[in-house]
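See below for the structure under consideration.
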2 protein chains.
Amino acid sequence: MTTLAVERRNQIEAIINTKKSVLVAELAEQFDVTPETIRADLFKLEKKGILIRTYGGATLSTGSGAELTFKERDVVNAEVKRRIGARAAALIRSGETIFLDASTSALYLARNIKDKHGLTVITNASSIVAELSECENIKLISTGGLLSKRNMSYTGRFAERMIRENFAANKFFFSCKGVTEERGLTDASEEEAYVKQAMMDVSDTVIFLCDHNKLGRKSIPVIASLDRVDTVITDVRLDHEWRNTFEGLDIDIITV
Amino acid sequence: MTTLAVERRNQIEAIINTKKSVLVAELAEQFDVTPETIRADLFKLEKKGILIRTYGGATLSTGSGAELTFKERDVVNAEVKRRIGARAAALIRSGETIFLDASTSALYLARNIKDKHGLTVITNASSIVAELSECENIKLISTGGLLSKRNMSYTGRFAERMIRENFAANKFFFSCKGVTEERGLTDASEEEAYVKQAMMDVSDTVIFLCDHNKLGRKSIPVIASLDRVDTVITDVRLDHEWRNTFEGLDIDIITV
DNA sequence: ATCCTCTTTCTAAAATAATCATAATAATAC
DNA sequence: GTATTATTATGATTATTTTAGAAAGAGGAT
């Protein structure tokens, strides 16, 4: 044996995570083993819930029904979020201080600011810290707090106090679970909502990264009413109703 | 015998730390011993928690594809720190709250508490957060603060305030650059020193993870005088002078 | 739809490779 | 010298991969 079986399965896992699907024949050739061996590998990985076997190969498991973990959410609508993140990054000027929440959209934003200079970034997302930790030109601050393992974000009253008592920022970029006119901005968890409220309260400008999935959706924990938002960045041409709602609240609309 | 057995094991440890996985057959040829000998080596290294044996070889115990942190390439000291970390972990009882600083020794400690229950861990080290982020049984809190990119630790007045105003703990485990009788505990950077001072001030018991490299070494930023320490865990049999120093200050000595 | 063909999957057995248990041997320590 | 430890040798056991033939799916042509 030239490589470890477990190592091969790890690599298959990595491949499917980036390519979203794999072919048995392709992997068999790549690792120089028979298709039967690959099928056995895929069977094991399926039992671990990593992928779903299909005729001829396998696709990424979408964690059906249950709450998506952070890693899984990352790939849903990645292209849309990437576009929104890139547009949002263009709003940031050098020397500014910005808050980023623990949303996937904010992570995509972070990927677009690596070469900006004199920036201070404050976030409660450990993924954003990891993403920017090698940027010498960015002053990177974590809010700290209790680690929420599902989101890999820092939350709770510690995070909230840290934000309110120590920081202020020019801009706050965030996303959330849903938005409706009557209930406003709502999120999946109360703890995240508190953190976002705090960041909102100490920021000059509030920018909502709003892909089409958020529109009309609502959840229980309320972050704030819609009028707290200054700018919305979205990926769809808004219908008349939404356009009227946003314009009535004096919210700038950016479509990407 | 052409090489010492323990030396061969150290080399295997070094190889797996850089290559992330090893093959029994490969190592057997490389060291010109039988596969059985290599298997015995891997068995010993597995018991020490360095690697995980798999069919045909072994992989690193710190998750596949995982990153090696800054100082972990120093394999010889790694073994010492691992021993100290394991001994320190034995001092922790379930239900306790502990502070861990951003030292390599504390990281090794963290690796030994993954199956303890009801623990609350507060740390300013992003490596420790990453290490424990999958432990559902551990309440994990980050101090937050400005990210020091060299150490991947959170420091500064934000971290210090967070600690002093929000937390308290049963035990504080730390290491530092050096210790001498006259100057006490000293560290490489002032920022780290402030964080350690704060953690010390709000902890019941202070436990110093002190491998032999620290003894007699000194640096500029002072953390605290030696009498703030309650327990020292060290890897060498202390000479009379050090023993008298510690015992004179009523410090417990644990040798591993 | 049914039939046909090609491909993939499944199953079980055989082949290969690695591990384990144990005893024997070699090296080192006391 | 003996005691202790490390290494090797051997055969039994177990894990993995391959092989090969049967069953089932996909897709096109009739």
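A, B, ... follow the sequence lines: proteins, then strands. Residue 1 opens every chain. Fair warning: this is a prediction, and the values are worked out from it, not measured in the lab.
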D/dT17 phosphate, OP1 or OP2, under 4.0 Å from A/Arg8 side-chain N/O: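 For A/Arg8, the contact criterion (side-chain N or O under 4.0 Å from OP1 or OP2 of D/dT17) is met.
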- prompt: OP1 or OP2 of C/dC10 sitting under 4.0 Å from any side-chain N/O of A/Arg53?
  reply: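 Yes, within the criterion.
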Using atom [atom1] of [X] as one end and atom [atom2] of [N] as the other, report the distance to the nearest whole Å.
{"X": "A/Leu4", "N": "D/dT16", "atom1": "CG", "atom2": "P", "answer": "11 Å"}
{"X": "A/Glu36", "N": "D/dG21", "atom1": "CD", "atom2": "P", "answer": "14 Å"}
{"X": "A/Phe43", "N": "C/dA12", "atom1": "CZ", "atom2": "P", "answer": "13 Å"}
{"X": "B/Lys44", "N": "D/dT7", "atom1": "NZ", "atom2": "C1'", "answer": "10 Å"}
{"X": "A/Leu23", "N": "C/dT8", "atom1": "CG", "atom2": "C1'", "answer": "12 Å"}
{"X": "A/Ile38", "N": "D/dT19", "atom1": "CD1", "atom2": "P", "answer": "14 Å"}

Euclidean distance, [Y] [atom2] relative to [X] [atom1], rounded to 0.5 Å:
{"X": "B/Tyr154", "Y": "B/Ser148", "atom1": "OH", "atom2": "OG", "answer": "11.0 Å"}
{"X": "B/Leu107", "Y": "B/Ser175", "atom1": "CG", "atom2": "OG", "answer": "12.0 Å"}
{"X": "B/Lys196", "Y": "B/Ser189", "atom1": "NZ", "atom2": "OG", "answer": "8.0 Å"}
{"X": "B/Ser94", "Y": "B/Asn137", "atom1": "OG", "atom2": "CG", "answer": "11.0 Å"}

field: Distance-only donor-acceptor test, B/Tyr55 side-chain atoms vs D/dT14 base atoms, 3.5 Å
entry: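 Absent.
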- request: Tell me yes or no: between the side chains of A/Glu192 and A/Ser153, is some donor less than 3.5 Å from an acceptor?
  value: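 Present: a donor and an acceptor within the cut-off.
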task: Using heavy atoms and a sub-4.0 Å distance, could you list which residues of residues 25-35 of chain A are near DNA chain D? By number, please.
output: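 Within residues 25-35 of chain A, the residues near DNA chain D are A/Val33, A/Thr34.
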message: Please report whether the ring centroid of B/Phe173 lies less than 6.0 Å from that of B/Phe99.
response: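 Judged by ring-centre distance (under 6.0 Å), B/Phe99 and B/Phe173 do not meet the cut-off.
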